[in-house]
Amino acid sequence: MMPTDVVGKAEEVSDLPKPSYLIGVGYDGERGRAFLKLYEPESQRIYLYYDRTGHMPYCLSNLTVEEIKQNPRVSGYRGIVALEPVERYDPLHDRTVRMTKIVVSNPLAVGGRGGIRELIPTWESNIKYHLNYLYDTGLIPGMPYKVVDGEIQPAGWELPEEELEEIKRVLPGDDEEIREYAVEWARRLSLPVPRLRRVALDIEVFSPAETRIPDPRKAEYPVIAASIRSSDGRKAVFVLSKEGPGEELPGVDVVCCETEVELLRRVFEVLWDYPVVVTFNGDDFDLRYLLERAKRIEVPREQIPIRLGENMAGLKYGVHIDLYKFFMNRSIQVYAFSDRYREHTLQEVASSILGEGKVEIEKPVSKLSIHDLAEYCFRDADLTYRLTEFDDDLVMKLLMVLSRIAIMPIEDVNRYGVSKWILSLLRYEHRRRGMLIPNPEDILRMKGETVTRAVIKGKKYRGAIVQQPVPGAHFNVVVLDFASLYPSIIRNWNLSYETVRCPHEECMDNKVPGTPHWVCKKRRGLMSLVIGSLRDLRIMWYKPLSKDKRLPEESRRWYSVVQGALKVILNASYGVFGSDIFPLYCPPLAESTTAIGRYAMTETVKRAVGLGINVIYGDTDSVFLENPSKEQIEELLDWAERELRIKLDVDKVYRYAVFSERKKNYFGVYPDGTVDIKGLTGKKRHVPPFLKKAFFELVEILRTVRREEDLEGAKEKIRDLVSSYYQKLREKKIPLKDLAFYVMLSQAPEKYATRPQHVKAALQLKATGVELGAGDIIGFVKVRGERGVKPVQLASVDEVDVEKYIEHMRSMFEQVLDALGIDFDSLVGKPRGTTLEMFF
DNA sequence: GCGGACTGCTTACCT
DNA sequence: ACAGGTAAGCAGTCCGCG
């Protein structure tokens with residue numbers, strides 16, 4: 001994965017007195033050793049440190065040393081360097097086991113083709129070597145180190161004594177082990193990260209066919225422009241041209257290169273210089289293309305700064321961050337950026353996040369003037385850079401914090417999903433406790449499958465409860481929710497793959513409600529410890545600090561990054577155990593978690609009703625109470641803490657909230673008049689803009705309602721609203737683009753088993769030569785006639801199917817109106833058996 | 001041969 | 001390639017109906 005031929009600026013050190021941050025880890029095949037990339041913030045450069053512990057790749061076997069020596073399959077295996085008897089704690093069986101550590105000469109001898117892994121049963125043979133190295137040495141990526149006399153050691157990790165005391169004070173005291181462990185984490189997470197000197201890069205390649213993207217594996221066509229934008233103020237575009245640049249680009253150096261070799265040389269100089277290089281899709285395009293192109297036009301190998309890995313493009317000197325992979329990571333998308341961007345292009349992501357409109361180009365890049373090409377190319381490098389810079393370097397900070405939590409270098413954090421981050425963290429914790437990391441089939445065999453039945457066909461086990469809402473407008477609604485419900489359950493019920501259905505007879509009476517499963521009473525589960533500690537830290541420490549106005553802005557922002565990173569991890573921490581591709585997959589663990597969640601919900605509703613409170617709705621970890629008294633709330637919160645041992649909080653209060661009979665569908669108005677809309681069609685992204693607009697006008701009317709009596713007046717306004725949109729529709733006054741549904745293709749249009757409308761439209765559009773694939777958004781209009789739909793680009797106003805749109809409007813409005821006891825048809829004065837036209 | 005009931009597919013959402 | 005639960009719209013199929 002990482003370079004073996006490190007040359008250029010990367011200086012190897014055996015002394016590095018200044019604190020330097022561990023940002024990269026690799027394996028040097030030639031020297032057979034692991035190395036670290038240490039970023040020193042003052043000089044803003046990377047130093048290399050080579051392992052001096054003599055650490056070697058290995059895996060474990062349950063055979064004895066003798067048995068391995070006598071085993072014909074491995075006895076003659078050349079890669080084996082040593083066989084060492086070792087002891088491990090086997091969590092599945094709760095006992096110590098003797099195993100053999102098979103030490104080998106290089107990582108491929110374990111996991112390569114014909115490696116040990118394929119010859120005999122092994123444990124811990126699926127872990128990438130550079131991660132293995134981190135786990136064994138205890139080095140934490142993202143943290144500062146110094147090198148003294150060839151030895152690497154932590155530098156500047158100390159937290160002020162008062163801060164440590166304060167943390168210990170606020171963390172729950174019910175479990176000393178969890179608290180100690182949380183404090184240890186705080187030492188890592190509270191320490192801020194330095195700014196990373198970095199450069200963003202973007203290239204343009206000549207292409208004879210306008211719609212085709214050049215293939216980086218072939219690199220047939222010349223690189224015609226490359227732009228850079230750096231954290232230290234460099235803004236430049238290198239353009240392939242024999243003429244001058246012509247008109248200037250303000251603030252940007254436009255450098256004309258007579259030959260492509262010269263252009264590449266200039267780009268490579270930059271790539272050799274910066275410790276961090278940022279791209280948008282550089283793994284699959286920019287860096288890959290540059291490398292292949294350089295080889296093709298015979299740039300000497302040692303001058304090329306790029307090195308390809310399995311699924312990434314790396315650098316010999318610095319580290320490469322591919323923002324495409326970062327922003328397309330579902331967890332990042334949803335939890336860190338609240339689903340603010342949808343599409344996959346740099347333009348789209350940047351315009352949503354940076355809040356800027358995008359600039360279209362009319363011509364293919366191959367036909368642009370030098371000036372326009374430079375401008376176009378630079379804009380992408382600039383946007384890429386600014387995505388790392390906005391909100392005070394949020395993206396870089398997130399990468400660094402996640403790197404610390406996941407015990408993974410930032411290049412891996414960047415490219416893997418949340419399940420790999422969690423897996424890495426858990427493997428690390430096994431290692432440092434001398435615990436054997438179980439193989440997936442052993443967990444499954446011992447723990448078995450699920451026993452509950454899911455509501456949804458095809459799912460493996462039962463999930464959360466969604467309470468049937470009480471329809472109507474409810475005034476003074478208090479919403480209570482359990483803070484981090486599933487992580488809290490995992491913590492307090494001691495859930496872990498080894499503790500659920502543990503091997504002890506005496507634990508079998510400690511049942512999980514609603515299941516035949518039981519939980520260990522003798523040992524603290526590892527998942528429970530790790531997830532529980534992180535939960536405590538987030539809820540009791542980082543989240544409150546991130547909102548504490550007494551702290552300086554700078555600190556608050558850092559705590560906010562930390563709590564956000566913890567949120568991403570915690571949100572996925574239960575789900576991974578219910579995912580059959582997760583190497584610690586444990587169905588009864590996942591199932592027990594949701595079962596206890598249902599128990600908590602049901603008991604809470606029961607208790608609320610017992611206190612005389614009207615419960616109007618609830619979903620998974622929340623209950624909606626109609627006009628409860630302060631005392632009732634107090635009592636309920638105390639009860640939850642006491643009886644369920646889960647923290648129940650007041651999450652929000654609505655002046656009033658409106659529910660229909662539909663679940664996951666409501667809106668609430670806060671005391672300050674702002675509105676909270678959940679699940680209603682009008683806010684869904686694919687809905688035509690004109691319907692959305694109508695919907696938000698409806699919301700605007702309802703926003704002003706303060707008392708029951710106000711609803712009458714609102715009705716009048718709603719009537720006007722509906723009729724005005726109805727007229728506009730009939731009179732074809734609504735532009736096509738506002739009539740279009742915008743739906744995302746989850747795959748290439750031809751691949752669908754059925755032919756839904758958006759796919760129909762996509763196929764029509766594709767026939768006109770537009771390239772469409774997974775992740776693209778297709779805009780289509782509903783039209784009269786056979787096909788029913790047309791891509792917005794190909795439709796005309798007079799073929800629009802007005803009736804269909806009226807039905808959509810009705811359906812959308814009804815979600816709110818039938819909750820208020822208003823009939824859509826009566827609103828527009830439509831008697832039974834007539835059409836809307838007759839009325840207007 | 002037609003229409004309603006039903007199932008399944010798909011997207012977008014909630015927790 | 002974290003999980004399950006829900007709404008909505010449409011495509012496609014089944015079944016009853018002289």
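Lettering of chains follows the sequences in order, A, B, ..., and the numbering in each one begins at 1. In what follows, every heavy atom counts, from backbone to side chain, and hydrogens, waters and symmetry copies are set aside. From a predicted model like this one, the values you see are computed outputs, not experimental measurements.
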Ring pair (Phe, Tyr, Trp, His ring centres under 6.0 Å) against A/F695, all qualifying residues, sequence neighbours excluded: none
Sugar-phosphate, base or nothing in reach of A/R342, heavy atoms under 4.0 Å: sugar-phosphate
Residue pairs fulfilling salt bridge (Lys or Arg N to Asp or Glu O under 4.0 Å) with at least one residue in residues 647-657 of chain A, sequence neighbours excluded: A/K647-A/D649, A/K652-A/D676
Contacting residues from residues 572-596 of chain A, given that a heavy atom lies under 4.0 angstrom of DNA chain C: A/A572, A/Y574, A/G575, A/V576, A/G578, A/S579, A/I581
Residues A/V605, A/Q467; criterion side-chain contact (heavy atoms from CB on, under 4.5 Å); working and verdict: CA-CA 10 Å; A/V605 171; A/Q467 224 56 41; 4.1 Å; yes
Sugar-phosphate, base or nothing in reach of A/F741, heavy atoms under 4.0 Å: nothing
Could you list all N or O pairs between the protein and nucleotides 7-11 of chain C that sit under 3.5 Å apart?
residue: C/dA7; atom: OP1; partner: A/K663; partner atom: N; Å: 3.0
residue: C/dA8; atom: OP1; partner: A/R662; partner atom: NE; Å: 2.6
residue: C/dA8; atom: OP1; partner: A/Q815; partner atom: NE2; Å: 3.0
residue: C/dG9; atom: OP1; partner: A/S811; partner atom: OG; Å: 2.8
residue: C/dC10; atom: OP1; partner: A/K782; partner atom: NZ; Å: 2.4
residue: C/dA11; atom: OP1; partner: A/K760; partner atom: NZ; Å: 2.9

Check residues 484-491 of chain A and write down every donor-acceptor pair under 3.5 Å in which the side-chain atom is one partner and the other belongs to a residue at least two apart or another chain.
residue: A/S488; atom: OG; partner: A/A483; partner atom: O; Å: 3.0
residue: A/S488; atom: OG; partner: A/S484; partner atom: O; Å: 2.7
residue: A/S488; atom: OG; partner: A/R535; partner atom: NH1; Å: 2.9
residue: A/R491; atom: NE; partner: A/D536; partner atom: OD1; Å: 3.0
residue: A/R491; atom: NE; partner: A/D536; partner atom: OD2; Å: 3.0
residue: A/R491; atom: NH1; partner: A/D174; partner atom: OD2; Å: 3.0
residue: A/R491; atom: NH2; partner: A/D174; partner atom: OD1; Å: 2.9
residue: A/R491; atom: NH2; partner: A/D536; partner atom: OD2; Å: 2.9

Whole angstrom value for the distance that separates C1' of C/dC2 from CH2 of A/W421: 11 Å
Salt bridge (Lys or Arg N to Asp or Glu O under 4.0 Å) involving A/D619 - partner list, sequence neighbours excluded: A/K664
Counterpart residues, ring pair (Phe, Tyr, Trp, His ring centres under 6.0 Å), relative to A/Y670 (two or more places apart): A/Y654
Segment of DNA chain B, first to last nucleotide, that comes within the 4.0 Å heavy-atom reach of chain A: B/dG8 to B/dT15
A/I456 CD1 - C/dT6 C1' separation (whole Å): 7 Å
Closest-nucleotide ordering on DNA chain C, the 5'-leading residue of A/I465 and A/G417: A/G417
Touch class at under 4.0 angstrom, heavy-atom based, for A/S746 against every strand present: sugar-phosphate
Ring pair (Phe, Tyr, Trp, His ring centres under 6.0 Å) against A/Y742, all qualifying residues, sequence neighbours excluded: none
Residues in ring pair (Phe, Tyr, Trp, His ring centres under 6.0 Å) contact with A/H517, at least two apart in sequence or another chain: none
A/F780 ring center near A/H686 ring center (under 6.0 Å): no
Length of the NZ-C1' vector between A/K459 and C/dT6, whole Å: 12 Å
Nearest-Å distance for atom pair CZ/C1', residues A/R415 and C/dA1: 18 Å
Summary of ring-ring contact (aromatic ring centres under 6.0 Å, His included) pairs that have at least one residue in residues 580-606 of chain A, sequence neighbours excluded: A/F577-A/F582
Sequence neighbours excluded, every pair satisfying salt bridge (Lys or Arg N to Asp or Glu O under 4.0 Å) that has a member inside residues 740-759 of chain A: A/E750-A/K766
